[in-house]
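Worksheet: one structure, shown below.
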Protein chains: 4
Amino acid sequence: MNSIQDNKYSQQRQAAIGAAASVFAAKGFHGASTKAIAEKLGIKQGSLYYYFKSKEEALGEVCLFGIQNYVQRMDAIANSSQPFEAKLVAVVTSHLTSYRERNEALKVYNDERLYLPKEKRTKLKELGSGYRQSLERIFEDALAAAILKPSVDCHFAAQAVIGLCNAWGDLIVRDPNIDIYEIIEKCTDLLINGFGYSEHK
Amino acid sequence: MNSIQDNKYSQQRQAAIGAAASVFAAKGFHGASTKAIAEKLGIKQGSLYYYFKSKEEALGEVCLFGIQNYVQRMDAIANSSQPFEAKLVAVVTSHLTSYRERNEALKVYNDERLYLPKEKRTKLKELGSGYRQSLERIFEDALAAAILKPSVDCHFAAQAVIGLCNAWGDLIVRDPNIDIYEIIEKCTDLLINGFGYSEHK
Amino acid sequence: MNSIQDNKYSQQRQAAIGAAASVFAAKGFHGASTKAIAEKLGIKQGSLYYYFKSKEEALGEVCLFGIQNYVQRMDAIANSSQPFEAKLVAVVTSHLTSYRERNEALKVYNDERLYLPKEKRTKLKELGSGYRQSLERIFEDALAAAILKPSVDCHFAAQAVIGLCNAWGDLIVRDPNIDIYEIIEKCTDLLINGFGYSEHK
Amino acid sequence: MNSIQDNKYSQQRQAAIGAAASVFAAKGFHGASTKAIAEKLGIKQGSLYYYFKSKEEALGEVCLFGIQNYVQRMDAIANSSQPFEAKLVAVVTSHLTSYRERNEALKVYNDERLYLPKEKRTKLKELGSGYRQSLERIFEDALAAAILKPSVDCHFAAQAVIGLCNAWGDLIVRDPNIDIYEIIEKCTDLLINGFGYSEHK
DNA sequence: AATGAATGAGAGTTCATTCAT
DNA sequence: TATGAATGAACTCTCATTCAT
């Protein structure tokens, strides 16, 4: 069997992307040294360049990996036939789980993509926008179905969900004792009902 | 009396902190060069060391400035006698306004403080915790006054507010066309009522 | 007195250009290391970058220095009112003397300028062409005055003079025992009369 | 009989020498990478080491090839029974033709041999000297036959011929539009008669 | 006969930092 | 109070070379 994944080169390259993600996430792009990345991979510094043309290319690959993985899950959720509330839970779960699974690539995409050259940044932005748009669509559908109050601004809502999840994601990455499912529940409750008192709920 | 001299020195030092904040915010701690900071101040690279012992000290001062300024406003709000909703609006307004006013120091505190040596980081953490605790107290008071639904976790709530504001803060910094007052309103509405439909509201 | 030359920075920079010229001439651009250049100057490697933005810039400055100096002398000769033969002697003398005076910059211009980026190369080419054109003009004037035989191709002649001088220049640089004045005489004799026998001369 | 194998190996090796010559000529020894040489040959970088023990050995072989080829032709000319003028034409033609035929090895011998270790350089020098000496002998014979004027210094003459041809060779390599036969004619005319006017010619 | 993968030494370059002036 | 000049360590990146396969 000679499948694509079998390819030893791309396997090692994928491992290199993982190592880079981990170091970039911990130290930032400029604070990360190629030596540290190579050491995490178990090879010597110069050998990294067998897999990447430059440190910048490594950043690009990490970001791409981080967001791709991510957008795919979102698409699956958006295209599913679950009711709104289930979708929202799925989105938050997907987002936070991804942080807990040490998907450092996502953090890197969030925090470091601005150090990429314009060209690459634009490509990634499209993917990222795709994510936000899928999320917006989920809100729009719910709005049309009168599940949300009419005043809801779906663009604002999508950004708020993403921002909230990223903020908790950061905390989750730093503190492994946080109960992720508790956070998921509280986040969705906040998003749907707010903190305010209302006798119906 | 050398208070005048002292005054001039500390004025320039404050300006240096501002310049550092600006460059750190734009490029991150490791991506920022002392040369760039000096240029922004209008002096030469080596002269920076008249105001800071090291680049790291500069980072410390920036973070301190960012959070101090911030905590003070929060304390004022927490200690005021406004009703809960007004306090929440005030908090969000204070937070987002601070981004719009290019208070880059706050962004630096959020994103770069982890590059400080442990000792300093701990000191800052206390301040930051003070901020969060004041915010938590606001929620606790409201909870006691039955303005919030009993299930609200005040710690979660405070973190959520901070996270949401920081996320929108980043967007605001990058896009000067965003109407900040619209965001403030939508954020507080989200926090109190959520997006979900409920006939009472 | 505060003349331009007094400026310590430009004095050191000029010295740096000289050191670079020497190393480039001996090892070629790619074979020369910035460390070697710095050592010749008596400073540490990194300090070179106080005077040059890059190794390439250093090459550019060396080439410029080499050819400028050179073109000036040629212009002086071309614009003088000496007879043709005297001019030719002056040109050859100027060219070969410059090699003997260890004007390594000229050798660098000849051999290494092709490693400059296009933009800079073009600028230098103009200067170099100016040199060749001045030389051509000397031949053209002599042709018009019937001092040269009518069949002479002035472009060919100028290139031949330059080529011959560069070739002997290389030998002169390598062997300090060569009698430069003997070479000058023989070169001019070759250029005017050739090696062939003719009873008139 | 393993002569066929041997043959294939040495054929490929010869091709490798050609590829190396081409890259060395274009970028210089230090500027040339083994990867570029391998690519020109159509093999991978590491495989070059099947044919050469080191980059330096490749340089040695290129230089040897360049000068051998060359000396052979010169010997043939020197030992022929043509009259002086025909020999001179033959020499110049051989030299310039060799550049036009992209015999980059010769250029490499001229420009890069100094990067060889002393031992090898000395061996090559003997060959090169053989070339010059053959040429000198041609001049000496002509001098003895009173075809050249008595003042001619045969050593100088040989060097001048070589230098002139190398200089034009460089121009020829760079500009494929140059009419090589015109140059040959003008060079020999210059060498025999000079540029100066004389009623006999 | 050739390759894929890795290495280690060294390159050019940047930069926080120092210090005499 | 500020600068010019230099430093040395670290960094990214290149490349000749090796070797198991």
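Predicted model, so just to flag it, every value in this text is computed and none were measured. Lettering follows sequence order; numbering is per chain, from 1. Just the heavy atoms: all of them, side chains too, but no hydrogens, waters or symmetry mates, feed the values below.
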For atom NE2 of C/His30 and atom P of E/dG10, their distance in whole Å: 19 Å
Hey, does the side chain of A/Ser47 come within less than 4.0 Å of E/dT7's phosphate (OP1/OP2), counting only N and O? yes
Nucleotide of E/dA2, E/dT13, F/dA5 approaching D/Tyr51 most closely (side-chain heavy atoms): E/dA2
Check whether any side-chain nitrogen or oxygen of D/Tyr49 sits under 4.0 Å from OP1 or OP2 of F/dT17, and answer yes or no. yes
Given E/dT3, F/dA5, E/dA16, the nucleotide with the shortest approach to the side chain of D/Lys44: E/dT3
Side chain of D/Thr34 - closest among F/dA2, F/dA5, F/dA16: F/dA16
Using a cut-off of 4.0 Å on non-hydrogen atoms, how would the nucleic acid contact of C/Ala32 be classed: base, sugar-phosphate, or nothing? sugar-phosphate
Could you tell me whether the side chain of D/Leu127 reaches within less than 4.5 Å of the side chain of D/Leu64, counting heavy atoms only? yes
With respect to the side chain of A/Lys55, which nucleotide from E/dA5, F/dT12, E/dA2 is positioned closest? F/dT12
Within a strict 4.5 Å, meaning less than it, do heavy atoms of the B/Tyr50 and B/Tyr9 side chains meet? yes
Could you work out which one of F/dA5, E/dT7, F/dT1 sits closest to the side chain of B/Tyr9? F/dT1
Any side-chain N or O of D/Gln45 less than 4.0 Å from the OP1 or OP2 oxygen of E/dA5? no
